[in-house]
Structure formats: C-alpha cells, structure tokens
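Okay, so here's the structure we're looking at.
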Amino acid sequence: MAAISQFIVLLLLISLANLCNGGITSKFMRKLEASVDMPAGAFPPPAGYNAPEQVHITQGDRHGRGVIISWVTPLSPKPTVVRYWAADGDGNRRNKAHSRITTYKYYNYTSAFIHHATINNLEYDTKYFYELGSGNATRQFFFTTPPRVGPDVPYTFGIIGDLGQTYDSNQTLEHYYSNPKGQAVLFAGDLSYADNHPFHDNRKWDTWGRFVEKSTAYQPWIWTAGNHEIDFAPQIGENTPFKPYTHRYHVPYKTAQSTSPLWYSIKRASAYIIVLSSYSAYGKYTPQYEWLQKEFKKVKRDETPWLIVMLHAPWYNSYNYHYMEGESMRVMFESWFIQNKVDIVLSGHIHAYERSERVSNVRYNITNRLCSPVRDVNAPIYITIGDGGNIEGLANEFTEPQPSYSAFREASFGHAILEIKNRTHAYYTWHRNHDNEPVSADSLWIYNRYWYPEDESFQ
C-alpha cells in the first residue's frame with residue numbers, strides 16, 4: 001500500500017513538473033539597496049560660451065545612409081550648422097547641414113534651443129567626423145555608417161532599457177561603453193525618469209542628455225517611447241502626451257510612412273527593425289494598427305532576414321510587476337508576429353531581466369479554454385531588458401512556479417549584445433553589471449525564423 005501511495009505521489013510530481021516546466025531562475029540577486037540618482041553636478045555642461053551639449057544621433061532614413069544629429073545650445077539658437085566629412089577624405093573640404101530648432105515649455109520649465117539636423121546620402125560603412133559650435137565652444141565627434149543592407153551582413157547591436165541616471169545606470173552605461181562590439185543601440189524605452197520628480201522636473205532631461213552623450217554622440221540609438229516618456233500631467237496643466245520626448249528625440253518616422261514618431265521602422269545592415277508604442281492607441285482601425293498591418297507586407301526576408309520588434313510593455317512576463325499590462329496589445333498583434341515570423345521582440349518596463357522560450361498563445365479564443373502559451377517554432381523570443389538601473393529600483397519578486405514560457409530570469413541590472421553573424425545565426429549575450437564586461441550571465445545562439453527555423457532550446 002505504501003509503495004502504491006509513493007507511486008501516486010511521484011506521478012503527481014511529474015505531472016506538476018510538466019505543467020510548470022519553467023526554465024532557469026538565476027540564483028544571483030543584486031543587493032536591494034535603493035537606486036539613487038547621481039547629482040546634477042555629475043553632468044556639467046561642456047566648456048565654452050553656448051557650447052553644444054546633449055549630443056545624440058539616430059538613423060535618419062530608411063536604409064542607413066542618413067543620420068539625424070541632435071544637440072542643445074543653452075543661450076543662443078546660433079550656430080545652427082553641423083559640419084561633417086569622411087575620415088578618409090580631405091578634412092579641409094567639409095559639408096554642411098543646417099538644423100531645425102525647436103523649444104518647448106513644461107510647467108515652470110522652458111527648454112533651451114533644441115537642434116535637429118538630418119544628413120542624407122552618406123556612404124555606407126564609412127567613418128565620418130562632425131563638428132558643432134564655434135570658437136572656443138567647438139566640439140567634434142564621429143560616427144560610422146552601417147554596411148549596405150543585405151542578407152548576410154554582420155552587425156552588432158547593444159540592447160538597453162529603462163536606463164535613468166542613477167549610480168546603477170552609470171554602471172550599465174559604462175559596461176556597454178567599454179564593450180567594443182556594439183555598433184548601435186536598440187533602446188527599449190524609459191529614458192530620463194524626469195516624471196519621477198516633482199512637477200516632472202525637466203532639468204532631468206538635460207542631465208540625462210549629458211549623461212549618455214559619451215555613447216549617443218558616437219553611435220545611433222534607436223529610440224522606443226516608454227511610459228516615463230508620456231509626461232501627461234493635467235494636474236499641472238500639461239495635457240500634451242510625450243511633449244519633452246518628441247521635442248528632444250527625433251526619429252525617421254516619415255520615411256516609414258508613419259503618421260507618428262512613436263511608431264516607425266528602419267532597415268540596418270541585415271535587420272528590419274519595427275518600433276511600436278505601447279502607450280498609443282493600437283486597436284482596430286487606429287493609425288498604429290493600420291500602419292503595422294501595411295508594414296509587415298514591406299519586409300523582404302531575402303534582403304533583411306532578421307525581423308526585430310521593439311515595444312515597451314512586455315507581452316510575456318513572469319514578475320509580480322506590471323503583470324499582463326501588455327496583454328491587450330498581445331491579443332491584437334501576436335498572430336501577426338507569428339504569421340510574419342518575427343525573430344525577437346525587445347521590451348522594458350520590468351526592472352529586471354527575462355528571456356522567453358519561443359511560445360505563442362494564438363490558439364486562445366473566448367470559448368475554447370486553450371489559454372496557456374505553447375511552444376511555437378514560428379514565434380519570437382521575447383526579451384525583457386528593463387534592467388538599466390533607473391531610480392525606481394529593481395523588480396525582485398517572481399511569479400511562482402516559473403511558467404513554461406520563461407527560459408531565464410534574473411533580478412539584477414545589466415545590458416545585452418546581439419551579434420548578427422549571417423542570415424541564419426545570431427549570438428545573443430546578456431551581461432549583468434556585477435560581472436566583468438566579457439562575462440555573459442545568459443547567452444544563446446538564435447536561429448533565424450525564416451532561413452533556419454530550428455528550435456534553439458536543444459542547444
């Protein structure tokens with residue numbers, strides 16, 4: 001009788017294991033001291049009268065031959081010129097582009113002069129120098145354009161989200177900055193966290209721009225808007241969502257036939273990158289819905305085999321934070337992601353790290369009760385990378401048991417690297433702040449869904 005009872009217990013345990021079938025919950029957990037903003041004095045403005053500051057670049061066109069260069073001048077709108085030249089050319093023969101200037105007011109704050117200059121028709125895979133300011137306030141930077149778009153073009157992206165400007169944020173940025181591999185950053189939303197301060201203190205936008213300049217001035221960051229970019233505060237008379245963000249961070253949305261800078265797409269090397277807005281309307285017949293439906297039809301996997309989507313609120317999340325906040329968007333769009341064989345979906349919002357299995361929940365409808373995600377070789381890998389180090393601190397409470405869709409999760413801060421090798425393979429690594437930069441706490445060879453749709457879980 002005892003033997004039968006033990007056998008029944010064993011069967012129940014096996015059954016539960018099959019139901020849960022979770023991946024790895026890392027035993028490493030960062031100490032839970034608060035994340036503290038660095039003082040404003042840690043981000044001094046550059047020397048010189050009216051010196052350009054908060055310099056950042058992003059892709060400025062569809063294919064990678066354009067760059068948007070943005071900067072701020074604190075005292076005067078002039079000079080409005082950016083001078084640029086190829087590193088292997090004649091530095092005395094410099095091209096010029098003029099900026100468009102914008103300013104805005106937010107409650108008791110008035111911005112300085114925000115410049116955006118778009119440079120087009122650059123050569124592929126070429127290093128350029130560019131120069132801003134004049135006299136003793138002249139500042140010089142450089143960037144390298146991507147290779148020509150093509151199916152087997154190698155390229156390496158850094159991946160960061162929910163950065164903020166704390167001492168932990170500084171560790172994340174220094175870690176990424178010290179990694180020589182990264183050529184551009186895929187940023188999953190939540191930049192300055194100005195809205196965490198009284199009256200959405202917009203001076204925090206200025207300090208954040210100075211903080212990240214060591215990277216953003218030299219390689220493009222591909223921007224996604226998060227909830228901390230909304231800045232909707234009717235209680236202080238601020239009724240225009242995304243006002244500071246859209247004034248400061250321009251993106252090439254018009255080249256993607258988008259009607260809003262909050263959703264757009266670019267091609268870069270062998271990747272097709274689609275950026276969506278979790279905090280804009282996406283229901284049927286809305287502009288974002290209509291745009292995305294048309295956008296997927298433009299993707300040619302023989303040209304850009306890697307299809308990457310960025311949005312802020314994760315669709316698959318096994319932390320007790322922001323749980324299921326991305327669910328309505330998942331219901332709207334997940335079937336499209338499956339049909340179009342999206343490779344990777346990047347999100348932030350949860351202040352920790354998680355990587356999913358390839359799963360989908362598209363079987364579910366309101367009557368069939370099939371409401372658990374299942375393995376699906378056509379589904380993306382979902383990566384939650386809201387672990388930049390922001391002032392709100394770490395998400396450290398997991399849902400238990402670990403669900404079957406969760407492959408790896410860890411409550412600590414860090415960044416990731418995606419090395420696209422060719423049309424079939426990419427190597428992904430996640431680096432926690434507490435390790436030396438070469439150490440990867442999580443890694444995976446990712447197989448392309450279109451050209452090599454094998455299951456990575458058997459590596």
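Computed from heavy atoms alone, side chains included, the values below leave out hydrogens, waters and symmetry copies. One-based numbering along the sequence shown.
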Looking at [X] and [Y], does any basic side-chain N land under 4.0 Å from a carboxylate oxygen?
X: R62; Y: E303; answer: no
X: R432; Y: D435; answer: yes
X: R355; Y: D442; answer: yes
X: R423; Y: D152; answer: yes
X: K300; Y: D302; answer: no
X: R330; Y: E327; answer: yes

Looking only at side chains, do [X] and [Y] share a donor and an acceptor under 3.5 Å apart?
X: E334; Y: N361; result: no
X: Q257; Y: K298; result: yes
X: S412; Y: E410; result: yes

Which of Y130, W221, W71 passes side chain to side chain contact (heavy atoms under 4.5 Å, CB included) with I57? It is Y130
From the list T255, I274, L276, I222, side chain to side chain contact (heavy atoms under 4.5 Å, CB included) partner of Y264 resolves to I222
Just say parallel, tilted or perpendicular for the rings of [X] and [Y], cut-offs at 30° and 60°.
X: W208; Y: Y249; answer: perpendicular
X: H312; Y: Y279; answer: tilted
X: Y427; Y: W445; answer: tilted

Sorted by chain and number, sequence neighbours left out, side-chain contact (heavy atoms from CB on, under 4.5 Å) with E454 holds for Y447, Y452
(Q) Between N390 and H351, is there a side-chain heavy-atom distance shorter than 4.5 Å? (A) yes
Looking at side-chain heavy atoms only, is the closest gap between Y106 and I236 below 4.5 Å?
yes
Applying side-chain hydrogen bond (donor to acceptor under 3.5 Å, both in side chains) to Y104 and not counting sequence neighbours gives N202, R248
Salt bridge (Lys or Arg N to Asp or Glu O under 4.0 Å): which pairs involve [range], sequence neighbours left out?
range: residues 376-404; value: E400-R409
range: residues 340-350; value: R301-D343
range: residues 218-227; value: none

**OP:** Please test N227 against H349 for side-chain hydrogen bond (donor to acceptor under 3.5 Å, both in side chains), starting from the C-alpha separation and ending with a verdict.
**Re:** CA-CA 8 Å; N227 57 300; H349 204 37; 3.2 Å; yes
Hits for salt bridge (charged side-chain N to carboxylate O under 4.0 Å, His left out) against E357, two or more places apart or cross-chain, chain-then-number order -> R375
